Chemist: 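Quick one: the structure is below, questions incoming.
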Amino acid sequence: MTGSLAQPATKAVKKRFSRFGGRETGVALALLVMCIVLAILNDRFLTTNNLLNIGRQVSLLGIMAVGMTFVLASGEVDLSVGSIYAFCGLVTGMVIVAGYGLFPSLMVGILAGIVIGIINGLLSTYGRLPSLIATLGMLSMVRGAALILTDGRPVTVNARNGANPDVLGQFTFLGQGAIAGVPMQLVFFVLIALAGWFLLARTSFGFRVLAVGGSTKAARVSGISVEKVKIAAFALMGGLAAFAGILSIAFLPSGQAGRTGLGLELDVIAATIVGGTSLAGGEGTIIGTILGVLIIGVLRNGLVLTGVSPFAQEFLIGLVIVVAVAIDRWTIRERRV
Amino acid sequence: MQTDTLPVVSFQRIGKSFPGVRALSNVSLALNPGEIHAVIGENGAGKSTLMNILAGVLAPSEGTLMLDGKPLRLSSPLEVRRRGIAVVFQELSLCRNLSVGENVMLPALAEIPPWQLIRRARAQARSREILARLGMDTDPATPLRDLSVAQMQLVEIARALVRKVRVLVLDEPNSALSPHESEHLFNIMRQLRDDGVAIVYISHHLNEVLAISDRISVMRDGELVESITDLSGVTVPHLVASMVGRDLGDAVPYGLTHKPAEAQPVLSLRDFRVPGEIHGIDLDLRPGEILGVGGLPGSGKDILAEAIFGLCPRSGEVTVCGQILPAQKPMAAIQGGIALIPADRRNGGALLTMSVAQNVVSSTLDRHSRIGVLLNALIGDTAARQIRAFDARVSGPAQVMGTLSGGNQQKIILSRGIVSEPRVLILHEPTRGIDVGAKAEIYAILKRLAQEGLAVLMISSELPELVLHANRVVMMAHGTLSRDFTGAEITEQNLMMAASVQPAHLVAEGAA
Ligand SMILES: Nc1ncnc2c1ncn2[C@@H]1O[C@H](COP(=O)(O)OP(=O)(O)OP(=O)(O)O)[C@@H](O)[C@H]1O
Ligand SMILES: [Mg+2]
């Protein structure tokens, strides 16, 4: 149709971009270097046992970071995830202690998380609040709700408190059990990460999330309902935070509204951003997020193994977050965006 | 180069590569004081990249940049600015949250040391002065976001005039300006030239380029083709041939010959109103026609597209294929068969962080997915087909949209609209910032689509575009519509007159 006017393509056009952008390679390299150093410093690091241990330790953080990837990629942020984690875990614990079965108890907790997520989404879209403010409010309100609900007392899930022993066994298996030596928490993390990767990279929902985060107006012109997409991202985040909170109480098996998951939102956001997801929205991959989660997990594990004091650990983790993101931003390929 | 004065800036064998793209190779160019130096070339020729290197935004991969005969190394945008080089970028870079005055004075204010107070009144007065010089009487306290794209472009230019400059680069500064506003700008350019400023003027308006320049450099595929100093006898066709490296023949201007079917209108507006902008218009669009809508800035034409599509509040009735469209529901508009190509690429058209392929299919996700799962092979196919159809210069479907040149971004956005197989295509400034070759291709595509039965509504500030490529034209003035112009009546003169009528006159004419 435009044949007569067709312009010979420049040589450059022939060159193709590699499918995997350079985006994750930096983080992957950093992780690799860290692992090598730790393996040299400490021969216990590379044992199956320790690696599985790291896997379990990062699982809950990882499950939430998968959700956070969606929220950040859509151009929003959710600060209430630590509170959702505590509230929903405690609610599920209390329902089990009240003698209900496993499935209804899980459902109550997860649904509560989804509802809180939807409220976050509604406030940040139709409510016209910046999500930073809306979810900061929810952080307090949900934590407050958990305190009111439990009267500030710890919730311990055991038979003595009224849980059905069968249900209790199933419930604690979710948190403490293992399949073929792999901790259940890690199994869940892997499944959720796979599903999250598929959802973000391969489905039209993931596409919409990235489009909305990239440019609200362009998304609207494309007929994407910006509000619905953002609300869905918050709902997903809420559900995943709830599930992580439930696994946590199933593992311990107890929790306390004043303590559980305090400040967790910052770890979750940090891991996601270290993994290359943009705070400004429009960019993010689950693979990157997993790498970010692993960097934080491996670092923490390595610092314990090598006997660094907990105070210095805290400092070093902060340092690594800053350095990792800085390297990522400095080496970012030149772009005009 | 043989000149009596030393060049202020000289590019020496500059090369620049991006991953997968060779944007510049071996470009040598000198900018002389007191000279308006036009740089022209097709979309993606490398014009903006070259100026970004001068502005210190990009570092050259090869070659050196000389300022006053000394190599300029490790330059930052701020340092460049201090050396008296001001660049007005092609894409607006204004702060929407600030006022007009603050935006104008921003570079100057940014240099005030933190311990010194900003004298607001003085800054305001100064910005008012500069704006007036550009023929703009906007109150400096107006929030920037209330301005039209054209006004924003003027603010962007005003910003470069705050301090004394030795080199002024204008990268497509008047792509959104009315002829009148452009004339103001040209006068300022002449003044500055006479004061000894070296001016770089990048534009796709070759007539204007010929009228105002002292020297014209032509770029093609990242290389400098020629630098013409003696402009006597140089014509637009000559420039075009040099730009595209082939003869476009008479493909550029053509009129639409076919008659639209006397079919039912696909799009009808009845008593269509946008508060403060459009005061009750009626419009019918039939399949097979290209209806042009023109008008001066502020006439209401710039809100028309978005209001029909549902991106802003409106009242009155919009009917698409017999169905009434709800207001402010873009999804309903798309489902009804409308596709919109908005005017402002960076703030609305393009998904800059996503790939070319993703941009092509973003409004047809349902068709490119099955039960919500994206069909990547199909998306790749569609994208590749569109890239070919529009001859877009991209390194591949995976290239990030934000790294394309403006013209190529526009082609991709157009292809997105066409992929959705609309019944009505609404284009707002469809060829802003697009080179002659690409323009001709886009018009050819529009014509073919219209012949296949698409109804095209083309809203444009460029009269020649309306004259040559629409088969019916209406002009907007003061929020109302003029009568239809068809056939031989569509002349720039008639349209200009209709655009500048006084409201009372217009009402009288409408009643007659
Ligand atoms: N950051 C980048 N990353 C990758 N490629 C880029 C980048 N910036 C520019 N390019 C490429 O360099 C080439 C030259 O682009 P440039 O913007 O300089 O063109 P231009 O002559 O200004 O075009 P237009 O008339 O459309 O504005 C294009 O092929 C473009 O895709
Ligand atoms: Mg350009």
Side-chain angles (χ1 to χ4, degrees), chain A residues 1-23 73 75 198-229 277-278 280-284 332-337, chain B residues 18-23 42 44 52 58 91 221-222 244 246 248-249 251 309 311 330-331 333-335 340 342 344 347-355 358-359 361-363 365-366 368-369 372-374 376 389-391 393-396 398-400 402-403 416 420 437 440-441 444-445 448:
Chain A
M1 103 198 67
T2 57
S4 61
L5 297 165
Q7 171 80 6
T10 50
K11 296 147 271 170
V13 177
K14 298 281 169 337
K15 259 198 181 171
R16 294 199 121 227
F17 271 41
S18 66
R19 265 200 81 80
F20 282 98
R23 208 80 180 85
F198 187 76
L199 195 60
L200 188 61
R202 287 294 166 86
T203 69
S204 54
F205 173 68
F207 187 113
R208 290 189 171 102
V209 166
L210 291 167
V212 161
S215 161
T216 313
K217 180 149 176 225
R220 283 223 164 85
V221 169
S222 300
I224 296 170
S225 167
V226 173
E227 288 79 14
K228 281 187 202 145
V229 170
T277 297
S278 158
E283 281 174 288
I332 201 166
R333 52 190 187 271
E334 285 183 85
R335 50 174 59 212
R336 295 170 165 189
V337 177
Chain B
F18 294 108
V21 182
R22 182 112 183 102
E42 287 190 282
N52 277 329
L58 293 175
E91 314 289 355
D221 289 340
V244 300
R246 70 204 133 99
L248 277 184
F309 193 72
L311 289 173
M331 195 59 208
I334 291 179
Q335 281 162 355
L340 171 69
D344 191 354
N347 294 306
L351 293 162
L352 296 172
T353 49
M354 300 181 79
S355 72
Q358 286 172 317
N359 271 276
V361 301
S362 69
S363 65
L365 285 181
D366 290 337
H368 289 96
S369 61
V373 180
L374 296 174
N376 280 334
F390 282 83
D391 189 29
R393 309 289 185 74
V394 303
S395 60
Q399 187 174 356
V400 175
T403 64
R416 170 177 78 205
S420 74
E441 289 167 35
I445 290 168
R448 180 178 56 79

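In the text below, chain A, chain B and the rest are named by the order of the sequence lines, each starting its count at 1. All of these numbers come straight from a predicted model, not from anything done at the bench.
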Chemist: Side chain, backbone, both or neither: which part of B/Leu311 has a non-hydrogen atom closer than 4.5 Å to chain A?
Modeler: side chain
Chemist: For B/Ser420, which residues count as a side-chain contact (heavy atoms from CB on, under 4.5 Å) partner, sequence neighbours excluded?
Modeler: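 Result, side-chain contact (heavy atoms from CB on, under 4.5 Å) vs B/Ser420: B/Ala339, B/Ser363, B/Thr364, B/Pro422.
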Chemist: Output the option from B/Asn359, B/Ile334, B/Leu365 having the highest count of non-hydrogen pairs under 4.5 Å with chain A.
Modeler: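 That would be B/Leu365.
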Chemist: What residues form a side-chain contact (heavy atoms from CB on, under 4.5 Å) with A/Ser215, not counting sequence neighbours?
Modeler: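 A/Lys217, A/Ala218, B/Leu351.
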Chemist: Chain A: which of B/Arg416, B/Met331, B/Met354, B/His368 shares the most heavy-atom pairs with it under 4.5 Å?
Modeler: B/Met354
Chemist: How far apart are the closest heavy atoms of B/Val400 and B/Leu352, and which atoms are they?
Modeler: CG1-O, 3.3 Å
Chemist: What part of B/Ser369 gets within 4.5 angstrom of chain A, counting heavy atoms only: side chain, backbone, both, or neither?
Modeler: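 For B/Ser369, side-chain heavy atoms alone lie under 4.5 Å from chain A.
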Chemist: Check whether A/Ser278 reaches the backbone of A/Ala280 with its side chain - one donor and one acceptor, N or O, closer than 3.5 Å.
Modeler: yes
